[in-house]
> 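Got a structure here, written out as structure tokens. Questions coming.
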Amino acid sequence: MVETYRTIASRRLVILGRAGSGKSVLAIKFALDLLEGPATPERVPVIFSIGSWDPTTTTLRGLLVDRLLRDHPHLARRMPSGSTLAAALVDTDLILPVLDGFDEIAEALRAAALEVLNATSLPLVLTSRRDEYARAVRAVHAPLVWAAAIELTDLTIEDLTDYLPRTDRLVARDGEGGGVWDAVLKRLRVRDTLASNRLAEVLRTPLMVILARTMYSEAPGNDPEELLDTARFPTTSHLEEHLLAGFVPTVYRRRAPEQGDGGRGQRNQDPDQAQRWLGYLAHSLTQDACNQQDLAWWRLGQNLRVSTRVLNTALVSALCMATATWLMQLLTTASGYLEPARLGPSLLDGMLVGAFSGAAFGVTYLALAVFGRTTAVPSRVRLRLSASDRRAGHRPLRAFFTRFRFMLLGGSVLGIGYSCAVTLMSVLYSELAMSHTELMKIVLINTLLYALIIGLTAGLIFGLLTAFEAPMDITAAATPTRLLSVNRTTARRQLLVLVPALGLGYVLCGYAMVHLLQGLLGTLLWPLQTAALAGASGGLGGATSYVLAFTAWGQWLTLSRIWLPMTHRLPWDTVAFLEDAYQRGVLRQVGAVYQFRHIRLQRHLAQSYRHQHTDRMPDGTGQAC
């Protein structure tokens, strides 16, 4: 493959083949052989899955840069020119894009994608099914320009005769007796019946051969001669669906532990449960017209309805704010700053603060959802306390104002909610008789003050944090679990920084606002002890709410580890399940995300899930990829 590629002057190659013919595996083999060859490659081959690419909104360069940053966060480091390392690698032609899955692009977008590829002379390798590629070529009246093409041929009966008997585990262990495939292969060599012709037609691709091997060579008691039953499998489609349907139950069948395993082998999973969980994951990828393939841990919860995610945000934030308020008041009671008799009203205060704050966070999340900004991606930065490695070309003012604008909005909404809680507590426990006019005046003043104080505090603190950010190092990157671990550490560091910063910022900003507006709004009071208590509880509750509701790791924890398992759509230990599915060969790793072993398996599992759970359809947000 590498030798063939090097004979092409343009270094542009198209790999064609039917579904399951091994195009993706050949692309991987090509990349590895090119890297391991005796000569240093001119460009580093990198495999990009392009099934979710929308060429009308994302340029080819943008797609390559975004995927490099996702899978290799250390490439976010800035160059002296101001661009990232990822962008510099693409712009200087040091990357050889191996674009896998052209046929998985939405049908209406394939012609546009081919036009984009034809607008550049960039060396690349493209894989696609033949028919889908041919239709795109006819639509634009030109193939991929300057490109050579190869096509993967079908497997022959000789290939099957050479391969399948060697996969029979019983024969491999005993070394004697006939194998389970002997009778079937004999019928296939003769091909004297309709059944044998249909089975030979199905077993032309490596995908179907691997599914058949899994069901009949690796699972004792299954007889492949049933594949020749024309009454049960009247068409080739029935045979293919049978092999697809039997794959997951076979790989998840209960097994006795191997001797000397020490309990480190694959855990036993209930096949029906595993199929239901995998079906939900596949369904979450194929709800929209874009038919995504990348199973990213930070996007699992985004397939829930917007109303569900808003409710989750409100509940999590309410619990965090109420708990923080109660904790601070218990500490002040224990230290003697608060009378025990005030403990009852304090509990009510915590409930009110939590309720109104939760509603405010929910409204903020809903507003962000309208603008499509609720999908948090894993942070590509780590907090740092020194300026020794400041990013060259970093634009601190632009980053500051971008962060400031959104956090000012969210903080102002939270301030309005907090004002409602404070006002209600004043009405319930104040011994002073106030007229309706006086009450309305207090409500308006409190609402304005708290919106300004909390909004400016959130905007300034989160904006200033951009000065304490630096790219992750090169060890942060390679697998989904590693990226999750790094993002969890980042979230903890953010929490440790935000709690004192928000608390102190609240006190200082409140003092400044009261001083500036003194007299203009009447007599304003800002007692230090009360402000410090509110700042401490607000800093702890607000920072925790932000980390759990608005960061990638927090949304993963609250939605994928709690909400989805509670509704029986995912297991409680989601990470272990995904890793186990990868070890069993159901999933594969592609950089920082998982993908199903094959798009046909993904679609089969999704269709089966929708057929069994029609009461939950539709469950997605309908957002564009």
> Without hydrogens or angle criteria, can the side chains of Arg569 and Thr567 be said to hold a donor-acceptor pair below 3.5 Å?
yes

> Indicate the atoms forming the closest heavy-atom contact of Gly585 with Phe247, along with that distance.
O-CZ, 4.1 Å

> Do Tyr163 and Arg213 have side-chain atoms, one donor and one acceptor, less than 3.5 Å apart?
yes

> Strictly below 4.0 Å, N to O, side chains only: are Lys23 and Asp100 in salt-bridge contact?
no

> Verify the distance criterion only: is there a donor paired with an acceptor across the side chains of Ser49 and Gln595 at less than 3.5 Å?
yes

> Over all heavy atoms of both residues, which pair between Arg309 and Gly301 is shortest? Give the atoms and the distance, please.
CD-O, 3.4 Å

> Should Arg204 and Asp159 count as an ion pair when the cut-off is N to O under 4.0 Å?
no

> Decide, yes or no, whether a salt bridge links Glu132 with Arg129 under the criterion of side-chain N to carboxylate O below 4.0 Å.
yes

> Looking at Arg18 and Asp131, is there a salt bridge between them, counting it only when a charged N and a carboxylate O are closer than 4.0 Å?
no

> Under the criterion side chain to side chain contact (heavy atoms under 4.5 Å, CB included), which of Leu126, Val46, Leu122 is the partner of Pro97?
Leu122

> Please determine if Lys29 and Asp33 form a salt bridge, counting it only when a charged side-chain N lies under 4.0 Å from a carboxylate O.
yes

> Between Arg603 and Glu104, is there a side-chain N and carboxylate O pair less than 4.0 Å apart?
yes

> Report the relative orientation of the aromatic rings in Phe233 and His242; use parallel for angles under 30°, tilted for 30 to 60°, perpendicular for over 60°.
tilted

> Could you check whether the rings of His74 and His72 sit parallel, tilted or perpendicular, using 30° and 60° as the cut-offs?
perpendicular

> May I have the step-by-step check of side chain to side chain donor-acceptor pair (under 3.5 Å) for Ser608 and His611, ending in yes or no?
CA-CA 5 Å; Ser608 299; His611 179 71; over 6 Å; no

> When the ring planes of Trp181 and Tyr216 are compared, do they come out parallel, tilted or perpendicular, using 30° and 60° as the limits?
perpendicular

